[in-house]
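Structure, as structure tokens:
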Amino acid sequence: MKTIKLSIVLLGVLAMLAGAAAGADSTTDQSAVAALDTEYQLAVKNNDADTMGRILADDFVLVWGTGETHNKADLLNDARTKRIQYEHNEDTGKTVRVWGDTAVITSKLWLKGVDSGKPFEWHVWFSDTYVRTPSGWRYAHGMASLPLELLPSGPSATR
């Protein structure tokens, strides 16, 4: 009977240790993905196609709130031609959630600059999905809201 109780206790301890290790890995992954996303946003602001290309997954897709989509080649072409010149590409309120080999970042992004000679300034909510690959985390999917300035509640919208 003592052996059974000892076995049950040991299994419980092992389960707790496994849970703690998974939490530690998740925290490490959250930090790694947050840093990679910050690096990516800076690369976009600076039209750094090489850094963007390293971070983006080959099958990457970005979907704007209008339904317009862009793939990796589209974004790299925009960066190389410097079609968009950014004054601001900054996010606030970033949260990172990790589930195994998938991480999702949500944040509010302030974009300001010139696109094909036309000035713009938008605030959008976005979700970025990163996936763990054999060569590290890659940015696989982005989804952005409509510019909050176009919504009835304006740029301060929090929902």
Side-chain angles (χ1 to χ4, degrees), residues 19-151 153-159:
D25 287 347
S26 178
T27 301
T28 300
D29 288 339
Q30 284 175 321
S31 297
V33 172
L36 190 61
D37 191 66
T38 298
E39 181 181 5
Y40 179 78
Q41 295 301 339
L42 183 60
V44 169
K45 182 178 180 180
N46 294 326
N47 285 309
D48 179 354
D50 291 338
T51 300
M52 291 169 63
R54 178 176 49 80
I55 295 171
L56 292 170
D58 289 338
D59 59 350
F60 170 85
V61 66
L62 169 66
V63 182
W64 286 101
T66 60
E68 182 179 351
T69 62
H70 299 275
N71 61 28
K72 180 177 182 175
D74 296 331
L75 296 186
L76 297 181
N77 183 58
D78 285 348
R80 287 185 186 108
T81 62
K82 299 183 179 357
R83 181 179 67 88
I84 302 172
Q85 297 293 311
Y86 290 96
E87 180 181 336
H88 291 281
N89 182 19
E90 300 161 14
D91 59 0
T92 57
K94 182 183 288 190
T95 61
V96 181
R97 293 174 181 87
V98 177
W99 300 274
D101 292 335
T102 304
V104 176
I105 293 178
T106 54
S107 188
K108 190 174 182 182
L109 185 62
W110 173 27
L111 300 164
K112 182 178 180 180
V114 177
D115 182 352
S116 302
K118 296 179 184 174
F120 67 91
E121 182 171 6
W122 300 335
H123 295 83
V124 297
W125 280 103
F126 72 86
S127 294
D128 290 343
T129 303
Y130 284 77
V131 294
R132 189 189 328 261
T133 71
S135 57
W137 288 98
R138 295 292 176 262
Y139 181 16
H141 185 268
M143 181 76 193
S145 70
L146 290 170
L148 300 178
E149 290 77 5
L150 301 179
L151 301 176
S153 55
S156 64
T158 57
R159 292 188 263 170

Taking only residues two or more places apart in sequence, or in another chain, which ones meet Lys82 in a salt bridge (charged side-chain N to carboxylate O under 4.0 Å, His left out)? none

Heavy atoms only: give me the nearest Pro147-Val124 pair and the separation to one decimal. CA-CG1, 3.7 Å

At what distance, to the nearest 0.5 angstrom, does CZ of Arg54 lie from OG1 of Thr51? 5.0 Å

To the nearest 0.5 angstrom, please state how far the CG atom of Leu111 sits from the CZ atom of Phe126. 9.0 Å

Give a yes or no on whether Asn46 atom CG has more than 12 heavy-atom contacts from other residues, nucleotides or ligands under 6.0 Å away. yes

Check whether any side-chain heavy atom of Val96 sits under 4.5 Å from a side-chain heavy atom of Tyr130, and report yes or no. no

Any side-chain heavy-atom pair of Trp125 and Leu148 under 4.5 Å: yes

Inter-residue atom distance Asp37.CG - Ile55.CD1, 0.5 Å rounding: 8.5 Å

Examine distances only and state if a side-chain atom of Asn89 and a backbone atom of Gln41 form a donor-acceptor pair shorter than 3.5 Å. yes

Any non-hydrogen side-chain atom of Arg83 less than 4.5 Å from a side-chain atom of Asn77? no

Distance-minimising heavy-atom pair for Ala34 and Lys94: O-NZ, 3.7 Å

Carefully, step by step, assess Val114 and Glu87 under the rule side chain to side chain contact (heavy atoms under 4.5 Å, CB included). CA-CA 8 Å; Val114 177; Glu87 180 181 336; over 6 Å; no

Classify the ring geometry between Tyr86 and Phe120 as parallel (under 30°), tilted (30 to 60°) or perpendicular (over 60°). perpendicular

Step by step, would you call Trp99 with Val104 a side chain to side chain contact (heavy atoms under 4.5 Å, CB included)? CA-CA 9 Å; Trp99 300 274; Val104 176; 3.7 Å; yes

Nearest 0.5 angstrom please: Leu36 CG to Ile105 CD1, how far? 8.0 Å

Polar side-chain atom of Asn47 near backbone of Gln85 as donor-acceptor pair, under 3.5 Å: no

Looking only at heavy atoms, what is the nearest atom pair of Ser107 and Asp91, with distance? OG-CB, 3.1 Å

Excluding sequence neighbours, so at least two apart, what forms salt bridge (charged side-chain N to carboxylate O under 4.0 Å, His left out) with Glu90? Lys45

Given 3.5 Å as the limit, does a donor-acceptor pair link the side chain of Asn71 with the main chain of Asp74, or not? yes

Here the pair of heavy atoms bringing Leu56 nearest to Arg138 is O-CD, 4.2 Å

For Ala79 and Ala49, the nearest pair of non-hydrogen atoms, with its separation, is CB-CB, 4.0 Å

State whether the side chain of Thr69 and the backbone N or O of Leu62 hold a donor-acceptor pair below 3.5 Å, judged by distance alone. no

Supply the atom-to-atom distance Met143 CE to Trp64 CH2, rounded to the nearest 0.5 angstrom. 10.5 Å

Going through the checks in order, is the side chain to side chain contact (heavy atoms under 4.5 Å, CB included) test met by Val61 and Asp59? CA-CA 7 Å; Val61 66; Asp59 59 350; over 6 Å; no

Can you name the nearest heavy-atom pair linking Lys72 to Gly53, along with the distance? NZ-O, 3.1 Å

Any donor and acceptor pair, going by atom type alone, linking the side chain of Thr66 with main-chain N or O of Glu68 inside 3.5 Å? yes

By ring-ring contact (aromatic ring centres under 6.0 Å, His included), which residues pair with Phe60, not counting sequence neighbours? Tyr139

